[in-house]
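Written below as structure tokens is the structure these notes are about.
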Amino acid sequence: MSIRPQYHIRPSPQGPLAWDVRKLIAHAQALQLQPRLVPLSAIAELDQRYWFSEPGDEPTPRAIAQHMRLVEAADTAYPILLDAEGRLMDGMHRAVKRLVQGQQDIWALQLPATPAPDFIGVAADDLPYED
């Protein structure tokens, strides 16, 4: 499966921390992690600001519609990816799809150690999105 360039971004005192999701997935595959069912109630990010957290990134109907298309197209056969502490690093659209479907859990891979970010202090708009 080929995925588009995308990043998991978290705020920090040093500025945004960004992980290349493609690298995270490759890392999880190299570790040969086994998926396990995780309750959706354990995914804290489902109850936090997630997609619309950047200044000027407003949840307009058009922006929500774009996420709805991504949720609808999400393939829940692929497990989500959690860091060592259980925080979501990849798979929010899949998690939302399971939630909308009325499901209680989702398949997940959990990294035993959270890798260092690929970028520190780089704004989301300045990250490389080209292959």
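Every heavy atom of this structure was used, including side-chain atoms; hydrogens, water molecules and symmetry mates were not. Predicted, not measured: the structure shown is a model, and the values here were computed from it.
- Atom CZ of residue Arg62 and atom CD1 of residue Ile64 lie 12.0 Å apart, to the nearest 0.5 angstrom.
- Note on Leu88 and Leu46: same hydrophobic cluster, where clusters join Ile, Leu, Val, Met, Phe, Trp and Tyr whose side-chain heavy atoms are under 4.5 Å apart, directly or indirectly.
- Considering only heavy atoms from C-beta on, Pro117 stays 4.5 Å or farther from Tyr7 through its side chain.
- Inter-residue side-chain proximity for Leu37 and Ile106 is flagged as unmet; no heavy-atom pair is nearer than 4.5 Å.
- Taken together through direct or relayed side-chain contacts under 4.5 Å among Ile, Leu, Val, Met, Phe, Trp and Tyr, Leu24 and Leu17 form part of one hydrophobic cluster.
- Of the charged side-chain nitrogens involved, at least one lies within less than 4.0 Å of a carboxylate oxygen, so that Asp83 and Arg10 count as a salt-bridged pair.
- Using a 4.5 Å heavy-atom cutoff, the side chains of Val122 and Pro16 are not in contact.
- Side-chain contact between Asp105 and Arg98 is present, with at least one heavy-atom pair separated by less than 4.5 Å.
- Enclosure of atom CD in Gln32 is not indicated, since only 12 or fewer non-hydrogen atoms of other residues, nucleotides or ligands lie within 6.0 angstrom.
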Check step by step if side-chain contact (heavy atoms from CB on, under 4.5 Å) holds for Leu109 and Leu82. CA-CA 6 Å; Leu109 299 173; Leu82 305 174; over 6 Å; no

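- Closest of all the heavy-atom pairs between Asp118 and Asp20 is OD2-N, 2.6 Å.
- Closest heavy-atom contact between Tyr129 and Gln6: CE2-CA, 4.5 Å.
- The one candidate from Gln29, Arg22, His27, Lys23 that meets the side chain to side chain contact (heavy atoms under 4.5 Å, CB included) condition with Ile25 is Gln29.
- In this structure, Leu31 CG and Gln110 CD are separated by 12.0 Å, a value rounded to the nearest 0.5 Å.
- Both the sub-6.0 Å distance and the 45° axial angle are not jointly satisfied by Arg94 relative to the ring of Trp107.
- Contact of the Leu33 side chain with the Pro112 side chain is registered, since non-hydrogen atoms from C-beta on lie closer than 4.5 Å.
- Taken to the nearest 0.5 Å, the NE2 atom of His8 stands 9.5 Å off from the CE atom of Met92.
- Under the 4.5 Å side-chain heavy-atom criterion for ILVMFWY residues, no single connected hydrophobic cluster contains both Leu70 and Val96.
- One hydrophobic cluster, built from ILVMFWY side chains closer than 4.5 Å, cannot hold both Trp19 and Tyr50; they sit in different ones.
- Between His67 and His93, the angle of the ring planes stays under 30°, which puts this pair in the parallel group of the 30/60° scheme.
- Distance CD/Glu72 to CZ/Arg69: 9.5 Å, rounded to 0.5 Å.
- What you find for Ala113 and Ala84 is that their closest heavy atoms are CA-CB, 3.8 Å.
- Counting non-hydrogen atoms of other residues, nucleotides and ligands closer than 6.0 Å to CG of Asp75 gives a total above 12.
- Put simply, CD on Gln101 and NZ on Lys97 are 6.0 Å apart, with the number rounded to the nearest 0.5 Å.
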Can you check side-chain hydrogen bond (donor to acceptor under 3.5 Å, both in side chains) on Gln14 and Ser12, steps first, answer last? CA-CA 5 Å; Gln14 299 88 9; Ser12 84; 2.9 Å; yes

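- Annotation: side chain of Ile80 is not in contact with side chain of Val38 (no heavy-atom distance under 4.5 Å).
- Leu40 approaches Ala95 most closely through the heavy-atom pair CD2-O, 4.0 Å.
- To the nearest 0.5 Å, atoms OG1 (Thr114) and CZ (Arg87) are separated by 8.5 Å.
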